[in-house]
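Read the structure below first, then the notes.
In each ligand, atom 1 is the first atom listed, and ligand 1 is the first ligand listed. Below, each value reflects all heavy atoms present in this structure, side chains not excepted, and no hydrogens, waters or symmetry copies.
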Amino acid sequence: MGGADNFIKFAPMEQNLFVYNTLSRTKEQFKPLNPPHVGMYVCGPTVYSDAHMGNCRTYISFDLIFRYLTHIGYKVRYVRNITDAGHLEGDADVGEDKISKKAKLQQLEPMEIVQKYTTGFHDVMRQLNILPPSIEPTATGHVIEQIELVKEILAKGYAYEVDGSIYFDVEKYNKKQDYGILNGRNLEDLLTNTRTLGGQDDKRGKLDFALWIKAKPEHLMKWPSPWGVGFPGWHLECSAMSNKYLGHKFDIHGGGIDLVPTHHTNEIAQNVASCGQNPATYWVHTNMLTVNGQKMSKSLGNSFLPNELFTGNNKILNKPYSPMATRFFMLQAHYRSTLDFGNEAMEASEKGFKRLMNAFGLLDGLKASATNEADIAPLRQRCYDAMNDDFNSPVLIAELFEASRMINSVHDGKLKIDEANLQMLRDLMNQFILDVLGLKSEIAANDDLPKVMDMIVELRIDAKRNSDYATSDKIRDGLQKVGFQLKDSKEGTTWNKM
Ligand SMILES: [Zn+2]
């Protein structure tokens, strides 16, 4: 049965999902090849140093996409690779392998570097509540597949060998295909705008790129091949691994926007040259993170690591920001917009996050009325409309703030909600806050805290009972200082984290 027939059978509200495709530069209706299955490949990190904030933004964005597709019923196979070999310092096949260089500097095995930074990357992903992908393949684990792919491209006549290295022939490819299809540039344009860099004398054309690189004797990570001992070019691994796990054609290929001109352009060329087709229907790219209006970079002194952000341990940070406040901050911008980090913006987001989670915490205790003044169905529809419009998380969050205002009004007795609408509101908040946005209460992270808080509240009640108001005020003010608010009412005392 064809994909189109399956799509019609599998037709809840996601038929209205539109995704911006870098290839067509328009929003297109999302029609997976083989519903309810969706194949998604996202270029993962090169594990030679700590994950940086830009990485975090990219993987939070694709986590949102992964979560939403799953939420609306797709079975997503999400492949996100680890680059542990072949990524040179310069994107144009120049310089040393980033991992080998670090290994030499630190006098470690390259695989010790890989292990250290892969573990660190996973830690940060976990802190940010980013779900692990379905498969996380590594470049070094797929050298055989990469060599096979080079052989195929050679056999089709789109590559040539020079002294043990294999290069992709861009000009020959462009005679039949459109090399610059992804960023909408023609070859003449690209040729005039490409600088000639040193160390690439072996290449015939200046846009040609390496598929396989002959290893110098001192090179640490190298493998035997039909062309001698060497290592794969950086772009090759993603073509080889997406082919292997998602097939020659799959639905979504993603990554940071900086990958468009070289890495993804070359990936498409490799796939078209070897199997005759662009590997993905939708190419999805996340925009950059800037700091106070500037590109984040070590040389500008404005870069900081995720752990520095979470601990506040960097001079450009006014205070620590929790992983969930950080995630919320990033989701408050659309993934295709640039996002500027600043202390004020972070503090505003942090307050918003707490406001949302406070309302969320009140939901369980709300009481239904016989009459209803809170119609949840239109709100629910607007939440789906937001996400169906190219995963528009900032609009979704604005709708959830609207839901929070309703919750607070019901809690304060100013708005009536009946049982059916209350249940819909609970489902809505649970699904969108926890499942889709991937936010979680940071109090819940410590299971013992509620017990400790209940005990403190108990002590305060005792003090009040004994008319020891000095102690009861001291407890309330002390808790307030560390961010806990007590609320006294007829039913007793409740607490929440501000
Ligand atoms: Zn890639």
Practice task
Give me the protein N, O or S atoms that fall under 2.8 Å of the Zn ion (ligand 1), sorted by chain and residue number.
Solution key: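 For the Zn ion (ligand 1), the protein N, O and S atoms that sit under 2.8 Å away are C43 SG, C238 SG, H263 NE2.
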Practice task
Provide the full list of salt bridge (Lys or Arg N to Asp or Glu O under 4.0 Å) pairs with a residue in residues 152-163, sequence neighbours left out, each pair given once.
Solution key: D163-K214
Problem - Between N243 and E145, a side-chain donor and acceptor under 3.5 Å - result: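 No.
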Exercise for the section: May I ask you to check whether over 12 heavy atoms, not counting those of R336, lie within 6.0 Å of atom CZ? Expected result: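 Atom CZ in R336 is packed in, count exceeds 12.
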Practice task
Evaluate whether atom OH of Y48 has more than 12 neighbouring non-hydrogen atoms of other residues, nucleotides or ligands under 6.0 angstrom away.
Solution key: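 Result for OH/Y48: open.
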Handout entry: NZ or CZ of R80 within 45° of Y59 ring axis and under 6.0 Å
Key =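 R80 over Y59 ring: yes.
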Exercise for the section: Please name the pair of heavy atoms, one in C43 and one in E267, separated by the smallest distance, quoted to 0.1 Å. Expected result: SG-OE1, 3.8 Å
